[in-house]
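Please read the structure below before turning to the comments.
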Protein chains: 2
Amino acid sequence: MGFNLVDMAMTELHANGGRMTNQRRLILETLSHYADHPTAEEIYERVRLKNRALNLSTVYRTLRWLEQRGLVNTRVFEDERCQERFDPIIKEDGMDHYHFRCSQCNQIIEFSTQYLENIKSQYCFEYGGLVQKASLILYGTCASCTSA
Amino acid sequence: MGFNLVDMAMTELHANGGRMTNQRRLILETLSHYADHPTAEEIYERVRLKNRALNLSTVYRTLRWLEQRGLVNTRVFEDERCQERFDPIIKEDGMDHYHFRCSQCNQIIEFSTQYLENIKSQYCFEYGGLVQKASLILYGTCASCTSA
DNA sequence: GTCACTGCAAAGGGTTTGCATCGGA
DNA sequence: TCCGATGCAAACCCTTTGCAGTGAC
């Protein structure tokens, strides 16, 4: 919980003459307290419970700002062509995480795997170049939907 | 080349009382002759060189129709949040393919790997459920952009 | 001749932007 | 005080939809 996303943002802000506003703090807190992968709209709704005056464009601007600084990740799931979902990047355990999405209940499950490293080096060996990042999403039916 | 996408579509059409129109044929041919992963707009422009009267909505309708029948795949790359790219599904070699995207020249390189199977079974072992599909995109710099 | 498909134009949904104002440092 | 951040409204972009007309079978 918390992932000290607020702290990391603070550091970034101070290093670049930015300002920690009430809106930003609320958005950051919301992002780090919810483990699901909310859309901009969902973040907006959640924050508005605490600050009615917030505007959607502020949410987007904050998310893009975080994205540029590598503090949040952005993802589009297949069944939501034009909608992005956001999640804070956890740097603590050092292990990247990937996603499983249940096409029945739309739940998102995070998982890790060591095999991505194999894939990356296999790719580089065969095609050359440099792999900086990997996005892997598994689609299927989750355990509880399968048994139901 | 060709992947007989037109033939496969024909079969589908005949099985469901559909009609092979000039527009559909041109869209199908364009899709299968170009190996890159075009957007709807790009397909539209290419087909319009041969048929000026074509409308973008026809392109979308055809693409969705193909998608529903499992004849094309749809993908959104990270640097193009709201734009889909389409590619015909090749069933010939039976091996799924994944994508590398160069963030410099935006080229898309397709590759295969046997490790995805490991990841799938690892996931199922740990979390249960059923994995039907995997989407993997590597982001980085391609060989020619690295050496340049 | 039927009915599926098309073109057109308008709407839709998510995201971005210009600008005047606000407020943190 | 100064300048970065916000709210608002309008714009943007990609995609979808309703409807009347067209053309494949």
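We name chains A, B, ... by the order of the sequence lines, and we start the count at 1 in each one. Everything numeric in this text was worked out from a predicted model, so none of it was measured. Excluded from the calculations below are hydrogen atoms, water molecules and symmetry mates; all remaining heavy atoms, backbone and side chain alike, are included.
One can place CG of B:Asn16 at 15 Å from C1' of D:dC25, the figure rounded to the nearest angstrom. For the pair B:Asn51 CG and C:dG7 C1', the interatomic distance rounds to 11 Å; values are reported in whole Å. What separates CE of A:Met10 from P of D:dA5 is a distance of 13 Å, to the nearest Å. Distance A:Tyr44 OH to D:dT6 P: 14 Å, rounded to the nearest Å. Nucleotide C:dT6 holds its P atom 9 Å from the CG atom of B:Leu54, rounded to whole Å. Distance CZ (B:Arg64) to C1' (C:dT6): 18 Å, rounded to an integer number of Å. Summarising the geometry, the separation between CG on A:Leu56 and P on D:dA9 is reported as 13 Å, rounded to the nearest angstrom. The CZ-C1' distance, from A:Arg75 to C:dG14, rounds to 18 Å in whole Å.
For the pair B:Thr58 and C:dT6, the criterion of a side-chain N or O lying under 4.0 Å from OP1 or OP2 is not met. The phosphate of C:dT16 has neither OP1 nor OP2 within less than 4.0 Å of any side-chain N or O from A:Ser57. Dashed line: the shortest gap from a side-chain N or O of B:Arg81 to OP1 or OP2 of C:dT16 is under 4.0 Å. Between D:dA5 and A:Arg61, no contact under 4.0 Å exists linking OP1 or OP2 to a side-chain N or O. In this model, the phosphate group of D:dT6 is not approached by any side-chain N or O of A:Asn55 to a distance below 4.0 Å at OP1 or OP2.
Side-chain contact check for B:Arg101 versus B:Arg85: some heavy-atom pair is nearer than 4.5 Å. Contact annotation: the side chain of B:Ser103 approaches that of A:Gln132 to within less than 4.5 Å [non-hydrogen atoms, C-beta and beyond]. Here the side chains of A:Asn73 and A:His37 are not in contact, with every heavy-atom distance at 4.5 Å or above. No side-chain heavy atom of A:Asp96 sits under 4.5 Å from any side-chain heavy atom of A:Leu116.
B:Glu84 comes within contact range of the sugar-phosphate backbone alone, with a heavy-atom separation under 4.0 Å but no base atom that close.
Taking the centre of each ring, A:Phe100 and B:Tyr127 stay at or above the 6.0 Å mark.
A:Arg19 is linked by a side chain to side chain donor-acceptor pair (under 3.5 Å) to nothing, counting only residues two or more places apart in sequence or in another chain.
Mapped onto DNA chain C by nearest heavy atom, B:Ala53 and A:His14 fall at different nucleotides, with B:Ala53 at the one closer to the 5' end. Comparing A:Leu13 and B:Arg85 against DNA chain D, the residue whose closest nucleotide sits nearer the 5' end is A:Leu13.
Residue pairs meeting the salt bridge (charged side-chain N to carboxylate O under 4.0 Å, His left out) criterion with at least one partner in residues 131-148 of chain B, sequence neighbours excluded, are A:Glu78-B:Lys133.
For the segment residues 17-26 of chain B, residues with any heavy atom less than 4.0 angstrom from an atom of DNA chain C are, sorted by number, B:Gly17, B:Gly18, B:Arg19, B:Thr21, B:Gln23, B:Arg24.
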